[in-house]
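Computation of the quantities below employed the complete heavy-atom set of this structure, encompassing side-chain atoms and omitting hydrogens, waters and symmetry-equivalent molecules. The first residue in the sequence is number 1, and the count goes up from there. In listed order, ligands and their atoms are each counted from 1.
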Amino acid sequence: MKCENSCTCSPLYTGTVTLQLSSRVVNKCKELDVPLVGFASADRWDDPLFDPWIPEQFRPRSIYPQTNTVIVIGIPVTLPALETSPSLWYHELYKTVNTLLDTAAYRISIMLNELGHNSIALPRDGYGSIHVLKENPVAFFSHRHAAFLAGLGNFGVNNMILTAEYGPRVRFTSIFSEAGISGGTIIQTPICTRCMRCVTICPVNALQKEDYPDGLINKERCTARSEELSKRYISPCGFCIKVCPVGEDRKRFHRERPGIYDETNQEYANYHKAWDHVRSYGGKP
Ligand code: SF4
Ligand code: SF4
């Protein structure tokens, strides 16, 4: 079968090229143990859905003009480890997830390049370090917005993307591809229950009660807290994502009752004792 797209792709990817390519990416993600993957046409960045919208210089085609599709992948952070935060355990898990994300995105881009569809993997963070972030508290590309536009979830009051599977306990990165792959359906119905647990637990009052984007996070306060924790190797904070009731992972780990995070609640004393134990090793909170 002859390729209809004037590209150098394998004959395997002709005809229903986008369907086969998306299946190929999905299968690659399975191979790499990446549970969440979505696709968004680069056109979606040019169609504002709320205000303030993504500035032009942060859109895929401003960064890589040949982009047709943004592939977004997500790897979860495991709830019981996150619950010990601030802790060395969550600090190390966060680093592991970041490394896996970077590796998976790179390997997916290599697969697509070998198939004749030029693609580049982005780093899951676009700022380098918490100290740099403090001076310039934005990344050059927002994977959260990419995840939203790829239909993986939508924004909660905590400014994170909430997913049905993991609530906000998932980290994302993206791949810019010249391949044209059909995008997922954007989820418009709010996933956030507006329980305000994230607002209440934030130790520096960085969150507001309004929905995203009206209740944008106070980045300076959040970053200052992360910087303090990073000096003791127990960053990031993660409080606003561990308490979020959304996500199937909460059921999986038997964590459906919110009282678990009230450390004066004796019903959960065994959990609190375990967290205290973990926190007493490595840098202290
Ligand atoms: S990460 Fe911590 S400091 Fe930042 S908004 Fe969430 S709870 Fe507040
Ligand atoms: S903790 Fe509650 S208010 Fe905050 S993002 Fe989750 S569901 Fe929304």
Inset, instruction - Look at Arg171 together with Asp102 and state whether they make a salt bridge at an N to O cut-off of under 4.0 Å. - result: no
Inset, instruction - Identify, by atom number and element, the atoms of ligand 1 in contact range of Val204, meaning under 4.0 Å from any of its heavy atoms. - result: 3 (S)
Legend entry - Ile217 contact mode with ligand 1 (heavy-atom cut-off under 4.0 Å): side chain
Legend entry - Subset of ligand 2 atoms that lie under 4.0 Å from at least one heavy atom of Arg194: 3 (S), 8 (Fe)
Legend entry - contact_flag Val243 ligand 2 heavy-atom lt 4.0 Å: no
Inset, instruction - Determine, using ring centers only, whether Phe155 and His145 are less than 6.0 Å apart. - result: yes
Inset, instruction - Give a yes/no verdict on a cation-pi contact between Arg255 and Tyr261, requiring under 6.0 Å between NZ or CZ and the six-membered ring centre and an angle within 45° of the axis. - result: no
Inset, instruction - Using a 4.0 Å heavy-atom threshold (strictly under), name the region of Met196 that reaches ligand 2: side chain, backbone, both or neither. - result: backbone
Inset, instruction - Below 4.0 angstrom from a heavy atom of Arg225, which ligand 1 atoms are there? Numbered from 1 as shown, please. - result: 3 (S)
Inset, instruction - Under 4.0 Å, heavy atoms only, figure out whether ligand 2 is touched by the backbone of Pro245, its side chain, both or neither. - result: side chain
Legend entry - Smallest separation among heavy atoms of Gln208 and Gly215, with atom names: OE1-CA, 3.7 Å
Inset, instruction - Would you mind checking which non-hydrogen protein atom is closest to atom 6 (Fe) of ligand 1, with the distance to 0.1 Å? - result: Cys240 SG, 2.4 Å
Inset, instruction - Count the heavy atoms of every other residue, nucleotide or ligand shown that sit under 6.0 Å from CZ of Arg257, and state whether that count exceeds 12. - result: no
Legend entry - Atom CZ of Arg61: over 12 foreign heavy atoms under 6.0 Å: yes
Legend entry - Side chain to side chain, Leu49 and Ile186, heavy atoms closer than 4.5 Å: yes
Inset, instruction - State the atoms of ligand 1, each with its element, that fall below the 4.0 Å cut-off from a heavy-atom position in Cys202. - result: 3 (S), 5 (S), 7 (S), 8 (Fe)
Legend entry - Nearest protein heavy atom with distance in Å, relative to atom 4 (Fe) of ligand 1: Cys222 SG, 2.4 Å
Inset, instruction - Could you list the atoms of ligand 1 found under 4.0 angstrom from a heavy atom of Phe239? - result: 7 (S)
Inset, instruction - Taking both backbone and side-chain atoms into account, decide whether Cys237 has an N/O/S atom under 2.8 Å from atom 2 (Fe) of ligand 1. - result: yes
Legend entry - side chain to side chain contact (heavy atoms under 4.5 Å, CB included) partner of Asn98, chosen from Thr103, Asp125, Leu93: Asp125
Inset, instruction - Would you check if atom 4 (Fe) of ligand 2 lies under 2.8 Å from any N, O or S atom of Cys244? - result: no
Legend entry - Test item: side-chain donor near acceptor, Ser174 and His143, under 3.5 Å: yes
